[in-house]
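Worksheet: one structure, shown below.
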Protein chains: 2
Amino acid sequence: MSTPGVGRVQLRIMQVLWDRKQATAREITAALNEDEPIAHSTVQTLLRKLEAKGVAAHKAEGRTFLFHATIKEQKVVRKATRDLLERVFDGSAAGLVAYLLKNERIEESELEEIRRLIGPKNKK
Amino acid sequence: MSTPGVGRVQLRIMQVLWDRKQATAREITAALNEDEPIAHSTVQTLLRKLEAKGVAAHKAEGRTFLFHATIKEQKVVRKATRDLLERVFDGSAAGLVAYLLKNERIEESELEEIRRLIGPKNKK
DNA sequence: CCCTGTCGTTTACCTTGGTAAATCTTTCCA
DNA sequence: TGGAAAGATTTACCAAGGTAAACGACAGGG
């Protein structure tokens, strides 16, 4: 299976799991509520859906469940990025990079790092 | 209204409209079918949905409709990119650029263009 | 011992995107 | 002139994502 897609809120849940390695539903709800209101039952429903698609799992810790991610963040990042690339930039990573450089503000310190990543012009 | 989101296929339809300035439903169906099979009625349904959300419109040309986009491609590109940025890269354009440079193949000729866009290191 | 709060589970909607057949309508040619 | 072809419109599903109340089970305090 080719990395299932996760929705917006589902992703936020996954991010909590990646951050903390493991967390109870309650903890996740608390974490998400720092940004936007969401009912605990909603979080539980989403956790189920995440487990159903195999990207998260849980083990019982007494009466409560401890959830953890079963897929690497890298995979999800890759899929999300590839999606944008395919849909909007005709598959061209360079096109997206160019777009970002032209249209989004980037700090000089960050540009520095980017220059480093590209490396010097190597003449062929 | 803050630029409505358009789905995968809806976006492909919009891309045809941006390309050709205007097109009939038939022409759009034909264009999409070059890549993947899709029923004409599906295209028509989607065109309606696009009109409903105000990103496309039509004028009658005899018995048939001529559709055209009513929103700039730039807007949709921006929204889609911002979405990925917010959801996955914590809003950091530099983070996404770095990710792309590290994980996606980019041609040397394209790198050249990217270097140009960044500009030379200006020492502080 | 029982009541209440906390767990997880079940059930129920709503929206959006996608897919497409069925149907109404008009045109035009055989 | 009558019916097929081609438009548009209506109607119908299905899946996914999100939202959340309702419900059943249980542990722990008073």
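To find a chain, count down the sequence lines: A is the first, B the second, and so on, and within it residues start at 1.
The side chain of A:I38 lies closest to D:dT19 when the candidates are D:dG17, D:dT19, C:dT19. Closest contact between the side chain of B:R8 and the listed nucleotides C:dA21, D:dA20, C:dG18 involves C:dG18. Here C:dG8 is the nucleotide among D:dG18, C:dG17, C:dG8 with the atom lying nearest to any side-chain atom of A:F65. The B:Q10 side chain lies nearest to C:dG17 when the options are D:dA20, C:dG17, D:dG18.
Note that the CZ atom of A:R12 and the CD1 atom of A:I38 stand 8.0 Å from one another [nearest 0.5 Å].
For the pair A:H40 NE2 and C:dG5 P, the computed distance is 15 Å after rounding to whole Å. Between B:L50 atom CG and C:dT19 atom P the separation is 13 Å, expressed in whole Å. Atom CD in B:E27 sits roughly 14 Å away from atom C1' in D:dA6 (whole-Å rounding). As a whole-Å value, the separation of B:L46 CG from C:dT16 C1' is 11 Å. At whole-Å resolution of the value, CD1 in A:I13 and C1' in D:dT19 are 12 Å apart. Rounding to whole angstrom units, CZ of residue A:R87 and P of C:dG18 are separated by 8 Å. Atom NZ in B:K49 sits about 11 Å away from atom C1' in D:dC13, given to the nearest Å. Distance, B:L11 CG to C:dT16 C1': 15 Å, rounded to whole Å.
Heavy-atom distances to DNA chain D give each of A:G5 and A:P37 a nearest nucleotide, and the one nearer the 5′ end belongs to A:G5.
Distances shown here put a side-chain N or O of A:K53 below 4.0 Å from the OP1 or OP2 atom of D:dG17. In this model, the phosphate group of C:dC7 is approached by a side-chain N or O of A:R26 to a distance below 4.0 Å at OP1 or OP2. Within the structure, a side-chain polar atom (N or O) of B:T42 is placed less than 4.0 Å from OP1 or OP2 of C:dA20. Applying the 4.0 Å criterion to OP1 and OP2 of C:dC7, one finds that A:Q44 has every side-chain N and O outside that range.
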Review point. Going through the distances and angles, do B:W18 and B:I71 end up as a side-chain contact (heavy atoms from CB on, under 4.5 Å)?
Key: CA-CA 9 Å; B:W18 286 318; B:I71 187 179; 4.3 Å; yes
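At the heavy-atom level, A:T45 lies under 4.0 Å from base atoms of the strands shown. Contacts of B:T64 with the nucleic acid, taken as non-hydrogen atoms under 4.0 Å apart, involve only primed sugar atoms and P, OP1 or OP2.
Between B:F65 and B:H58, the angle of the ring planes stays under 30°, which puts this pair in the parallel group of the 30/60° scheme.
The base of D:dA8 is not paired with the side chain of B:R63 by any donor and acceptor separated by under 3.5 Å.
When side chains are defined from C-beta on, A:I28 does not count as touching A:T24, because their heavy atoms never get closer than 4.5 Å.
With A:K53 contributing its side chain and A:T3 its backbone, the two residues share no donor-acceptor pair below 3.5 Å.
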